[in-house]
> 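One structure, pasted below without further comment.
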Amino acid sequence: MLENFTEFLFDENYALGLGCANCRDINICGGLQTPGLFSCWDLCCNDPATCDYICPRNLEDFVNFKNQIGGFEFDNVLRAPVIDYPNIPEYVPLIWSNSANRREKVQSDSVAIQLEMLVDLETGIAKFASRQSLSDHFGFPNDVALIITGVMLDEPLERYWNISRHQFIKSVADLEPAMVTSPNFSSFVNCTRWDNLANLKRIAICWQEFAAEGVPVALHMNARTLHDWKRWLDFIRNRPEIKAISFEFATVTADRKRWYVERLIDLTNELDRDLALVIRGGTSYVSLLAEVYDRLTLICTDAFMKATQRQMVCVDNESFAVGPESGYFIDLLLNGNIAAKKTIMRDRVQSGRRNYGK
């Protein structure tokens with residue numbers, strides 16, 4: 001397996017790999033256009049006994065997994081009802097916990113909670129039986145807009161996939177979230193393409209599972225190649241029930257972020273309807289995205305994390321240390337950080353609107 005793989009992200013401007021043309025999955029995959037690669041087989045570790053990727057060289061697991069997801073095509077993903085999507089605020093603070101250093105409910109019109117925090121990933125049992133128990137646990141008012149974000153690390157993602165999701169999703173619906181973003185299965189670049197294709201299909205399946213329960217859900221966008229992105233475009237175009245998409249910038253390499261911004265902008269130009277966009281990270285791209293997305297929401301951890309670190313966020317997005325490291329209640333600091341981040345987000349959105357003449 002090749003170790004230095006960053007360059008392989010930028011593969012849409014070269015000739016198709018000579019070994020791709022005869023692949024039976026070329027129509028789904030689109031092939032790789034990467035200098036120096038004959039095909040994605042060049043990225044195989046050739047050690048199926050220890051490999052975690054979805055790959056034909058681990059044949060039994062490959063066939064079982066492909067059957068589990070119904071193949072790599074999107075066509076057989078079940079349809080979902082068309083439901084109304086509420087407007088959610090431009091900035092939503094992610095709350096990790098209600099720590100001992102907080103005494104009051106957070107002052108915000110919205111909060112975001114990680115999906116993995118709502119379920120026991122060993123048993124699949126929901127941790128919160130009611131909206132009230134959830135708000136009490138995390139320390140936010142019961143009537144705020146609740147956004148549940150499916151962005152997770154790969155290990156809890158795999159555990160989420162393996163639980164019995166149907167009953168858990170029903171419990172999520174009972175929490176009446178304003179929005180859920182579907183889980184963000186990864187598109188790794190140092191492996192054969194079948195792992196990418198499987199993860200894209202899992203994203204679509206998880207989106208449908210929430211939508212089928214009437215939960216407003218944003219389809220998470222992930223792609224390794226331009227062809228992957230075009231497949232998502234076709235999927236969205238043919239499904240009016242998709243009214244929102246989400247993207248996560250925090251784990252994207254700096255030289256790749258702009259590529260994804262361009263794809264998100266292209267998406268709005270190709271569709272005949274407006275989509276809401278929910279992003280994690282990518283604050284510096286808010287103005288650009290606000291030029292083309294009328295409904296744009298940033299979920300951000302800064303306000304909470306910096307408060308726990310006794311740092312104050314200012315409206316210029318700089319921060320500085322305040323207060324002692326212990327014995328210091330952070331309620332005022334947290335609320336001030338949220339207010340500052342809201343101002344920063346509002347200013348950047350308005351800047352984008354002005355640039356576009358809105």
Side-chain angles (χ1 to χ4, degrees), residues 80 83-98 105-106 108-121 124-153 156-157 159-161 163-185 202-222 241-250 275-281 295-301 303-305 338:
I83 60 175
D84 291 331
Y85 277 46
N87 288 323
I88 57 178
E90 295 171 336
Y91 169 80
V92 180
L94 182 66
I95 305 298
W96 286 101
S97 66
N98 187 6
K105 302 282 189 181
V106 66
S108 178
D109 56 0
S110 60
V111 297
I113 303 295
Q114 290 277 135
L115 179 65
E116 64 190 280
M117 293 185 172
L118 306 183
V119 60
D120 185 325
L121 290 174
I125 297 174
K127 293 182 178 180
F128 302 97
S130 68
R131 175 68 173 262
Q132 188 65 59
S133 63
L134 176 68
S135 60
D136 288 345
H137 180 83
F138 285 95
F140 61 84
N142 198 40
D143 58 351
V144 303
L146 171 64
I147 290 81
I148 298 172
T149 170
V151 172
M152 307 181 219
L153 297 175
L157 264 175
R159 294 168 68 193
Y160 173 79
W161 176 256
I163 67 172
S164 178
R165 297 185 300 276
H166 180 69
Q167 193 59 42
F168 167 65
I169 291 172
K170 283 183 174 294
S171 73
V172 172
D174 291 340
L175 299 175
E176 298 183 346
M179 179 75 71
V180 174
T181 69
S182 61
N184 63 320
F185 293 96
R202 289 202 284 178
I203 288 173
I205 291 171
C206 287
W207 164 83
Q208 189 277 336
E209 290 172 342
F210 280 103
E213 292 298 329
V215 177
V217 55
L219 174 69
H220 183 80
M221 303 295 289
N222 208 348
E241 62 266 39
I242 300 175
K243 295 188 176 183
I245 59 173
S246 63
F247 190 80
E248 184 264 320
F249 284 99
L275 294 173
L277 173 62
V278 182
I279 59 174
R280 285 278 300 270
R295 293 178 294 160
L296 174 62
T297 297
L298 170 72
I299 298 175
C300 184
T301 65
F304 182 83
M305 296 305 295
I338 291 173

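Along the sequence shown, the residues carry numbers beginning at 1.
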> Which distance, rounded to the nearest 0.5 Å, do you find between the CZ of R165 and the CD of E213?
12.5 Å
> Mark yes or no for whether T181, through its side chain, and S246, through its backbone, hold a donor-acceptor pair below 3.5 Å.
no
> Of all heavy-atom pairs between F168 and G124, which one has the smallest distance, and what is that distance?
CB-O, 3.9 Å
> Nearest 0.5 angstrom please: I203 CD1 to Q208 CD, how far?
14.5 Å
> Quick one: are I279 and I299 in side-chain contact, heavy atoms under 4.5 Å?
no
> Keeping Q114 on the side-chain end and V151 on the backbone end, is there a donor-acceptor pair under 3.5 Å?
yes
> Between S135 (side chain) and P141 (backbone), is there a donor-acceptor pair under 3.5 Å?
no
> Compare every heavy atom of P93 with every heavy atom of S110, then report the nearest pair and how far apart it is.
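Closest approach of S110 to P93, heavy atoms only: O-CD, 3.3 Å.
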> Begin with the C-alpha distance, continue with both residues' side-chain angles, and end with the deciding distance and a verdict on side chain to side chain contact (heavy atoms under 4.5 Å, CB included) for L134 and L146.
CA-CA 10 Å; L134 176 68; L146 171 64; 3.6 Å; yes
> Can you find a pair of side-chain heavy atoms, one from N142 and one from R131, that are under 4.5 Å apart?
yes
> Nearest 0.5 Å, please: how far is CD1 in I338 from CZ in F304?
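F304 atom CZ to I338 atom CD1 measures 9.5 Å (nearest 0.5 Å).
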> Answer whether the closest heavy-atom distance between the side chains of L275 and I245 falls below 4.5 Å.
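L275 reaches I245 side chain to side chain.
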> For a 4.5 angstrom cut-off between non-hydrogen side-chain atoms, does T297 reach L277?
no
> Taking all non-hydrogen atoms of both residues into account, name the closest pair between S133 and A129 and its distance.
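Closest approach of S133 to A129: OG-N, 3.6 Å.
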> Look up atom OG in S130 and atom CG in L175, then write down how far apart they are to the nearest 0.5 Å.
8.0 Å
> Applying side chain to side chain contact (heavy atoms under 4.5 Å, CB included), run through I148 and V172 and close with a yes or a no.
CA-CA 9 Å; I148 298 172; V172 172; 3.8 Å; yes
> Nearest heavy-atom pair of I83 and P216: which atoms, and what distance?
CD1-N, 3.6 Å
> Rounded to the nearest 0.5 Å, what separates atom CE in M179 from atom CZ in F210?
12.5 Å
> Counting C-beta onward and ignoring hydrogens, is there a side-chain heavy-atom pair between T149 and I113 closer than 4.5 Å?
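The answer is no; the side chains never approach within 4.5 Å.
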> For the residue pair H220 and F247, does the interplanar ring angle fall in the parallel (under 30°), tilted (30 to 60°) or perpendicular (over 60°) class?
parallel
> When you compare the side chain of L115 with that of P183, does any pair of heavy atoms fall below 4.5 Å?
yes
> How close do R280 and T301 get, counting heavy atoms only, and between which atoms?
NH2-CG2, 4.2 Å
> Look at D120 together with R159 and state whether they make a salt bridge at an N to O cut-off of under 4.0 Å.
no
> Where do W207 and E241 come nearest, in terms of heavy atoms and distance?
CH2-CG, 3.6 Å
> Return yes when atom CD of Q132 has more than 12 non-hydrogen atoms of other residues, nucleotides or ligands closer than 6.0 Å, and no otherwise.
yes
> May I ask you to test the Y85-K243 pair for a side-chain heavy-atom distance under 4.5 Å?
yes
> Do L296 and E90 pass the side chain to side chain contact (heavy atoms under 4.5 Å, CB included) test, and can you show the C-alpha distance, the side-chain angles, and the key distance before you say yes or no?
CA-CA 6 Å; L296 174 62; E90 295 171 336; over 6 Å; no
> To the nearest 0.5 angstrom, please state how far the OG atom of S108 sits from the CD1 atom of I95.
7.0 Å
> How about F185 and C206: do any of their side-chain heavy atoms sit closer than 4.5 Å?
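Of all side-chain heavy-atom pairs linking C206 with F185, at least one is under 4.5 Å.
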